[in-house]
Amino acid sequence: MTVLDIDHAPGGYVLIQSPYDEIIKSHYDAMPGFRWSKQDRAYVAPLEAARIVLATLKKARTAKFDQSLLKHPHAKYEAPRHKLDLTDLREYQKDGARFIVDTVSTYGSALLADDMGLGKSLQALRAARCLKPDARMLIVCPAVVTGHWIEQAQKWLGEPAVRLTAKSAEWDGIATVSYDTLRSIGKSKTPMPMAGLIVLDEIHYLSNSKSQRSAIVSHYVNTCRKTHSAPIIGTSGTPMNTRIRDLWHPLNVLFPGRFGTWWKFTERYCDGSYEEIKAIEKQVWRSDGSSNLDELNERLRAVMLRRERHAVGELPPRTRVTIPVDLPGAIVKQLQRAAASLHGEHGLSKLLGNVELWKLNATVELARDIIEQGGKVLIFTVRRDTARQLSETLKLPYVTGAVPAHKRKKILTDGALHCNGAVATMFSVPTGIDLYDFNTAIFVGLDYVPSTMLQAEARIHRIGQTLPVTVYFMIGLRTVDEVIRSTVVERLGYYERVLGDAAAAEMSADLSGSEEEIIKSIVQMVREMK
């Protein structure tokens, strides 16, 4: 039996010094983040991955080692938890703030992935000030919530915060900046101070590693990490959009190298492999699937905390209802012809928008009925002209992406107060806006990305909501809507759980499918209808 020598290394890694062992070698070859150190003559493994490896060895009874060595990771940041201000926080929020402090102290970063509406911003702010009380703090977030973070900093820390612009990038204390503004600053090479601590809100904005936004943000984060030992706190209610592979780059920004290269990650956890495309005589790397999800889930739990709204018992119940809508026969045939010749993501989004136009009468009838019964309804559309038409017909205020971000919440909350209703395009209120004055949502149009609709409905089903929430999805019969209903809408509950517990094992690559798979399903549906 082999005797292993285990020692801790900075940043939540362990050194496994061992003679040649087939089991360890197999993990080294397959598991992302595992590497060999010539200097130490040892395998370097992420702490949580080492536990998986050593559990395998223990089960196989091929090695002896001191398990107690795995319980005391090397602390990088000294942040006494007794200095953590937990005033006015709910119990689960206190646990979240403690998790951030402990995880950053071990790994240098942390990911808070609580379900939408549970107060991620206040947990992140309180933990951040415990970690580095006097550091210059930068909060990078979507443009629509820069004002929200300024309000939260004042409310929970009692500190003023400023909003950075491409022309004004200097600050002390706390600053917010949108992802797009930071990208503009990076492109212009405007000098920008290094932050001593960074919060990356809605970190799934960085899921595309090849985008200019991701490149500039990643460079700035890494520079701050190297020059100022800056802790990084990531937050997101939906850290992956539709596929497991969407997790890789956000994780790599927070924990560089910890989850291996993109190729290694997708091979291990996305069932990645080359596929021969005969038409072009070329091999293409496919990574739309999922594999080894139990292992990934265990590794994520070491660095990511996710609680669901129903689990913390803080929110009233939410009910999802699909409303079938009959469309004129001529219109159905027209939409089916369009679906039969569908190509690409843009074409799918356009087709969904076109179906939306023929559901307005049913939506108006439903909304009026809800308002007459005393309900307060927020109607979501995908098209701006649809939002305008519904606004004019129902005499309700509306917002679209054309309305300045800082004005949208007031317009909508005034609508809830005075009209018992309002209209918004789905992408105009994606994150960070509390709209719990409404207790009903109606989705006129649909989106094939689950997180888009989850983010929208979470505007009303969040902390502060006191009434049961009902969410209606208008489904155009015999149209593309029926495919979206079966592939996305009816699986939203599963999607919410994929990052949190053993349900992840149930969720394979068919979570909602790739764009290509959805389009194939639509075409097949059209053929079956003829």
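Please read all numbers here as calculations on a predicted model, not as lab measurements.
- For Asp385, the salt bridge (charged side-chain N to carboxylate O under 4.0 Å, His left out) partners at least two apart in sequence or on another chain are Arg383.
- Using a 4.5 Å heavy-atom cutoff, the side chains of Val303 and Ser109 are not in contact.
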- Derivation of the side chain to side chain contact (heavy atoms under 4.5 Å, CB included) call for Arg129 and Glu159: CA-CA 11 Å; Arg129 272 300 175 243; Glu159 296 183 44; 2.9 Å; yes
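- Classification of Lys359 and Asp481 as a salt-bridged pair holds, one side-chain N sitting under 4.0 Å from a carboxylate O.
- The line from OG1 of Thr181 to CZ of Arg213 is 11.0 Å long, rounded to the nearest 0.5 Å.
- No donor-acceptor pair under 3.5 Å is formed between the side chain of Ser168 and the backbone N or O of Thr165.
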- Task: Tell me, with the steps shown, if Arg318 and Glu457 meet side chain to side chain contact (heavy atoms under 4.5 Å, CB included).
- Result: CA-CA 10 Å; Arg318 173 195 53 202; Glu457 70 175 38; 2.9 Å; yes
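- Val423 is listed as a side-chain neighbour of Thr381, based on a closest heavy-atom distance under 4.5 Å.
- Pairing each heavy atom of Ile244 with each of Ser290, the nearest pair is CG1-CB, 3.9 Å.
- Between Ser428 and Thr425, the side chains place a donor N or O and an acceptor N or O closer than 3.5 Å (distance only, hydrogens not considered).
- Expressed to the nearest 0.5 Å, how far CG of Leu366 lies from CE of Met474 amounts to 5.5 Å.
- For the pair Leu327 and Arg478, the minimum side-chain heavy-atom distance is 4.5 Å or more.
- Looking at every heavy atom in both residues, Ser178 comes nearest to Pro142 through CB-C, 4.3 Å.
- In this model, a donor atom of one side chain and an acceptor atom of the other lie less than 3.5 Å apart for Asp114 and Gln123.
- In this structure a side-chain-to-backbone donor-acceptor pair under 3.5 Å is missing from His461 to Thr470.
- Thr393 places a side-chain heavy atom less than 4.5 Å from the side chain of Arg368.
- Residue Pro191 comes nearest to Ala169 through the heavy atom pair O-CB, 4.3 Å, listed as atom of the first residue, atom of the second, then distance.
- Comment: Asp434 engages Arg462 in a salt bridge, judged by a side-chain N to carboxylate O separation of less than 4.0 angstrom.
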- Task: For the pair Val199 and Trp149, evaluate side chain to side chain contact (heavy atoms under 4.5 Å, CB included) and give the outcome as yes or no after the intermediate values.
- Result: CA-CA 11 Å; Val199 177; Trp149 276 97; 4.0 Å; yes
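- The shortest distance between side-chain heavy atoms of Tyr220 and Ile198 falls below 4.5 Å.
- Here NE2 of His249 is found 12.5 Å from CZ of Phe265. Values are rounded to the nearest 0.5 Å.
- For the pair Ser184 (side chain) and Asp180 (backbone), a donor-acceptor distance under 3.5 Å is present.
- Both the sub-6.0 Å distance and the 45° axial angle are not jointly satisfied by Arg245 relative to the ring of Trp262.
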- Item | Verdict with reasoning, Asp447 to Leu352, per side chain to side chain contact (heavy atoms under 4.5 Å, CB included) | CA-CA 7 Å; Asp447 194 271; Leu352 288 167; 5.6 Å; no
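- Between Leu89 and Trp156 there is a side-chain heavy-atom pair separated by less than 4.5 Å.
- Formation of a donor-acceptor pair under 3.5 Å by the Asn297 side chain with backbone atoms of Leu293 is not found in this model.
- Of the possible donor and acceptor atoms, one in the side chain of Gln465 sits under 3.5 Å from a partner among the backbone N and O of Leu467.
- Using modelled atom types, one side-chain atom of Arg306 and one backbone atom of Gly237 make a donor-acceptor pair closer than 3.5 Å.
- Under the ring-ring contact (aromatic ring centres under 6.0 Å, His included) test applied with Phe380, the options Tyr472, Phe443, Phe438 reduce to a single match, Phe443.
- Contact between Pro316 and Thr466 at its shortest, heavy atoms only, is CG-C, 4.0 Å.
- Atom-to-atom distance recorded for Glu490:CD and Ile475:CD1 is 8.0 Å, nearest 0.5 angstrom.
- A pairwise comparison of heavy atoms in Cys270 and Ser291 identifies N-OG, 3.5 Å as the closest pair.
- In summary, the side chains of Trp285 and Thr266 do present a donor paired with an acceptor at a separation below 3.5 Å, with no hydrogens or angles considered.
- Side-chain atoms of Lys395 come within 3.5 Å of backbone atoms of Glu392 as a donor-acceptor pair (strictly under, hydrogens ignored).
- Side-chain contact between Leu206 and Tyr179 is present, with at least one heavy-atom pair separated by less than 4.5 Å.
- When atom types are taken as modelled, the side chain of Asp246 and the backbone of Arg243 share a donor-acceptor pair closer than 3.5 angstrom.
- Taking CG of Leu254 as the start and OG of Ser218 as the end, the distance is 10.0 Å to the nearest 0.5 Å.
- Between the side chain of Arg408 and the backbone N or O of Val403 there is at least one donor-acceptor pair closer than 3.5 Å.
- Counting all heavy atoms, side chain and backbone alike, Met137 lies closest to Ala128 at CE-CB, 3.7 Å.
- Taking CE of Met192 as the start and CD1 of Ile185 as the end, the distance is 5.0 Å to the nearest 0.5 Å.
- Panel note: side chain Arg286, backbone Asp271; no donor-acceptor pair is recorded below 3.5 Å.
- Using a 4.5 Å heavy-atom cutoff, the side chains of Pro250 and Tyr205 are not in contact.
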